[in-house]
4 protein chains.
Amino acid sequence: MSGSVYGNIFKISTWGESHGKGLGVVIDGCPAGIPIDSDDIQRDMDRRKPGTGKYATKRSEGDKVEILSGVFEGKTTGTPISLAIFNEDQRSRDYSAICDIFRPGHADFGFESKYGFRDYRGGGRSSGRETSGRVAAGAVAKKLLAEIGVEVNAFTVAVNDIVVDEKRFDFAERLNNQFYMPDKEAAQRAAALLDDAMANKDSVGGIIQCEVTGLKPGIGEPVFDKLDASVAKGIMSIGAVKGIEFGAGFEAARMYGSDNNDNFYISEGKVRKYTNNSGGVLGGMSDGDKLVFRAAFKPTPSIAQSQITVNNRGENVTVEISGRHDPIIIPRAVVVVEAMTAVTLADLILMDMCARIDNVKKLYGKV
Amino acid sequence: MSGSVYGNIFKISTWGESHGKGLGVVIDGCPAGIPIDSDDIQRDMDRRKPGTGKYATKRSEGDKVEILSGVFEGKTTGTPISLAIFNEDQRSRDYSAICDIFRPGHADFGFESKYGFRDYRGGGRSSGRETSGRVAAGAVAKKLLAEIGVEVNAFTVAVNDIVVDEKRFDFAERLNNQFYMPDKEAAQRAAALLDDAMANKDSVGGIIQCEVTGLKPGIGEPVFDKLDASVAKGIMSIGAVKGIEFGAGFEAARMYGSDNNDNFYISEGKVRKYTNNSGGVLGGMSDGDKLVFRAAFKPTPSIAQSQITVNNRGENVTVEISGRHDPIIIPRAVVVVEAMTAVTLADLILMDMCARIDNVKKLYGKV
Amino acid sequence: MSGSVYGNIFKISTWGESHGKGLGVVIDGCPAGIPIDSDDIQRDMDRRKPGTGKYATKRSEGDKVEILSGVFEGKTTGTPISLAIFNEDQRSRDYSAICDIFRPGHADFGFESKYGFRDYRGGGRSSGRETSGRVAAGAVAKKLLAEIGVEVNAFTVAVNDIVVDEKRFDFAERLNNQFYMPDKEAAQRAAALLDDAMANKDSVGGIIQCEVTGLKPGIGEPVFDKLDASVAKGIMSIGAVKGIEFGAGFEAARMYGSDNNDNFYISEGKVRKYTNNSGGVLGGMSDGDKLVFRAAFKPTPSIAQSQITVNNRGENVTVEISGRHDPIIIPRAVVVVEAMTAVTLADLILMDMCARIDNVKKLYGKV
Amino acid sequence: MSGSVYGNIFKISTWGESHGKGLGVVIDGCPAGIPIDSDDIQRDMDRRKPGTGKYATKRSEGDKVEILSGVFEGKTTGTPISLAIFNEDQRSRDYSAICDIFRPGHADFGFESKYGFRDYRGGGRSSGRETSGRVAAGAVAKKLLAEIGVEVNAFTVAVNDIVVDEKRFDFAERLNNQFYMPDKEAAQRAAALLDDAMANKDSVGGIIQCEVTGLKPGIGEPVFDKLDASVAKGIMSIGAVKGIEFGAGFEAARMYGSDNNDNFYISEGKVRKYTNNSGGVLGGMSDGDKLVFRAAFKPTPSIAQSQITVNNRGENVTVEISGRHDPIIIPRAVVVVEAMTAVTLADLILMDMCARIDNVKKLYGKV
């Protein structure tokens, strides 16, 4: 229970360190019969891959995913799907400058406090590279969701103080700029802001929004395994996320009930809502509307400026972090947000199948 | 897996509906030897109890907790602790006005979609009364935490647009007003705002902050069971919570790395930080600093105004919700936030014991 | 994780000690819509109840079960079902004779080693009364199974060396004698043997067989959550069980492959087997045949003879256990075996629903 | 939840098919600081490896294990340990003769019933090769156990009707013969019996005994996660196991309480027992004595004789299974029994650490 297993029915177990032999994930509980090939997964891996944009690290990771088990004749077999990404770029580095130092904003101090020592090579298990396994699993979960018409899309709504106005959302545009921003002009301003930050050896944060369509009402388990609670755990488990909000979110705290309540109405025989302050979730279950949430990412903690900190011998020191680091986490995190959302939803959708005896009878052939 | 079991080692299983025979919780995995009596639990139950303030429902719930098992000679035995609160005020009501209606902002539509029908009496399992079991479990978790010097305190930092200025925090004051606000003047303004809202048959939201002291560094499991991710799930599972943020939270998205990083230094042989933008958590593990987070609560969805909605026969209707309803959830939710935090921390602290073979050897008598 | 939670989807959490306020169980994850009332449960509780036969303790436990939550208008709601049995016969006893003694064959030494002290009243949590919660949960699981035509029946095939010949099985008879033996003559011999044992202040063991009909092929999850492995855990978790075997069981170790393999054939379009050495399970999944297993119970450890043992101060002592004790566990354990089997099967059947994407699509309305 | 994840704290997730790219396991929750290198694991892998004895398949699997993550500078880091065995001998075979046939005694029918199709290459996930991941995980668990002086040893006590007399046990001898029998003469008779069986294109079964020393009293969690119940699940999850018994086992059913109860006594200040009918477990917790259990293995279902069976088109057919198959499972299963025992014990020992608040305080530095 070192915390690298996630999910109840659709259960993933990730492994790997930044500079070890590789990284990967084992997915247990994926239903049989889903068509899948490695290209489906590679497509998402490439979105997470560094080195493709100006604001991403230059390391050529390759990130080539291999399916090691669980797929036969192009379909999932129902048995564990093992996916691995072997590290190609393990160039020998000298870590002596930081191996005994607790970098500000990083997990170094926590790791050493918890385990007594740590794998200091490139952050080890706390590296952003840890998300490779998540993205691979997310790609499989998306294939499951696609079978029932559920789609997950994340994009960037803020880079530092450059916030995309919801009225200006241009979804197609999000795929045209390296920030995944649904607003061309905002993306251009973000680029300029990033250039300045990099010149200052600094980094910036931002906000990612995620939307899910196709969810039927009732997904999510009342009380603890609520839809929003479960998604919140998945998203907050991504390094650098400092907050999450659904629908009106923190703004809801300033609203009156008469404004915040989304009124229901019937349209074409379906229950709909006039507004979506709920963000698509009521009482922890999907309400048939679009699921909408936002996650706040802190700026990349690795910066080249000289910083005050301590080492593991209890001494005050300064550190300058060299090497390859993204000045902003957001662009590569978009697909990670999608992945964690997809994995969480796959699990909740499978759980929901067991909610009614009618379902059991239907599948057992008694109805 | 209807979602009413929470935790891995310190595991709670809550039960009960608003207008059934009672509510309760079974705690499995609480260590043996913790001194406890029902007064310890009742104290927190009373903080959740309605009918004590002007801005709380008038129902006299009693909320008298009984310890049914797991405590012997004043100490926990290591076996399941069963706690029950039997409903006293089950006055017969006429639910015909709402039994087939999906109330706006409520879980009614989700429940009926998921299960095919629902217990419509007072919201059934989705009632705020569901939190009774959480609070009872939280009181036990707090006793565990007290044994190792960990303390959990929640209070209100915003009621609608009345926000407490952090510079004015007066912690003692939070226990003197019914909003748990650490600012006497803000509490007075909140009272006036509530009076207006009630006059308008409306409701308001707010923000609760929670702080935990005494956490040693390294609590929280890397990757999925991170400290912040786990707490986020627990808190977001409380009805009406729409967002959560740790430390600088959403503001971190607007900061530069050089400002957001908390610099470490050594003081009296201990690793400390000059600032706490992290909110006490780095890489998903406690960093030795105070754990700080905020949760946004939406306004109470039950309002007496006439609202547009639909019924379960697919018809557009209007509804006026009568009965006893808090115009604001915040005051009674403070102790629920503490409870979910305490339960989550108890679990993570027990998990952390297993992180090092040195610990195993120490307890097995091999060191 | 003191081990009182069982199951993955159909999850039960039992609580209670022999001489505390009561015992019970919370069932989380039971599908909505199953018709149930307390009589359904009471029927099985009565089979476990002591005091009804000559070879059972005289304590009038009552064992009246109450449904505290999760059932509305006669049907399960999908939310936790809380069942409680409050202790009536809490007559004040003097435990000073055994409170510091480790009784041979009992859990006393283990409990004290593990937790540092124990609830010595009537065995506390390790009492046979602990099974009350199991039986109550089992009755609910049986209702679920009944909806899809799955039936669980246990009976006694051996009392000490009196073994029922499979060729003489008379199933109706098992309900006519207090040993649940499907052989009238064997039951009479068992009665005589028990009389002798009681005269000698001694106790005897026996073997219970359990059979399940109506299981469709494919139930059970490959590798670790196999049908037989899961049932084995459930049954071995019943106090006093020392072994379990499926189908040919230990005898299979003496067979040749050509004899042990059950040959398949087609009959009326269905896959059938000529023999059932498998006991209805192949590769950890049901094979469409009757599930058959046997569990060995040791003799009741509480005997009135003087026994050599030790106390918790490290002294050699002798003990004579007075009070009410069954001279044989078997008759009251039959319904407990059924209960654990039913609970385990309910869980595996729900899990199996998620095995194929076709099932997901069917329930999601995409096929 | 296709059932390939096992354990609560020390949690393993195995993957891989017989004729896919490879097999492996991810171990989550292994404490940090345990010295380990791949030789430690390879040693056990080699014991499971086929092709080394006369009564084992001739396939040269290699079974070379690689540590992909979780070990740094020769010690476990506390993060997931990924172990893989890549298949070398993937020689192209023609499966057309059996791809649509349900082999007697095999999981084929169950797999196809459950998932709608199956990976028929060499049994796919239900192949004996699936145990590779278990053995690799077991080797790591044994390293953990070695740190606290716990040792696991399995050996063969019966091959068909050749049963080793407990009085003749010669433990050193078990490593000298290919059956792992602690009796040289019995092993010779077993060899002769196997020669006959092979001549008849037949297979035989047998019984493995496992013993664990060094367990302190109190290991195992009362009620469902009992020591014996947990071990039983692990062992019964090994393909071909049809039964398990602890201590006196099935023989206990024929004993009187006065004989079956193991009397306690004090020796050198320690609680000991005169006999070990309990097999080292009382009330589901270790009693300080040697843990002893036996598992019955059925004969290998793959035999070269012509057998009656059916295909997946519902037709009666005959099948002759060609290829490489062990005429007895036992010799290679010995290390698998040890592995599942070690993995289960590692988990229960970690759980037990959380049983007392004194332990929590000790590790938190409050005592």
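Protein chains get the first letters and strands the later ones, always in sequence-line order, with residue 1 at the start of each. Reckoned from all heavy atoms, side chains included, excluding hydrogens, waters and symmetry mates.
- Legend: salt bridge (Lys or Arg N to Asp or Glu O under 4.0 Å) pairs involving residues 145-154 of chain B, not counting sequence neighbours, sorted by first then second residue: B/E147-D/K361.
- A distance of 9.0 Å separates CG in B/L363 from SG in D/C354, rounded to the nearest 0.5 Å.
- Note that the NZ atom of B/K362 and the CD1 atom of D/I148 stand 15.0 Å from one another [nearest 0.5 Å].
- At a heavy-atom separation below 4.5 angstrom, chain D is approached by B/I34 within residues 34-43 of chain B.
- Atoms CG and CG, from D/N359 and B/N359 in turn, are 10.0 Å apart once rounded to the nearest 0.5 Å.
- Here CE of B/M353 is found 14.0 Å from CE of D/M351. Values are rounded to the nearest 0.5 Å.
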Under the side-chain contact (heavy atoms from CB on, under 4.5 Å) criterion, do D/N8 and B/N8 qualify, and how do the steps go? CA-CA 8 Å; D/N8 294 288; B/N8 293 288; over 6 Å; no
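- Not one N or O on the side chain of B/Y364 forms a donor-acceptor pair closer than 3.5 Å with the backbone of D/G149.
- Among B/G78, B/P80, B/A32, the residue with the largest count of heavy-atom pairs under 4.5 Å with chain D is B/A32.
- Contacts of B/L144 with chain D are made by both backbone and side-chain atoms, with heavy-atom separations under 4.5 Å.
- Counting heavy-atom pairs under 4.5 Å between each of D/T79, D/L350, D/T76, D/D352 and chain B puts D/L350 at the top.
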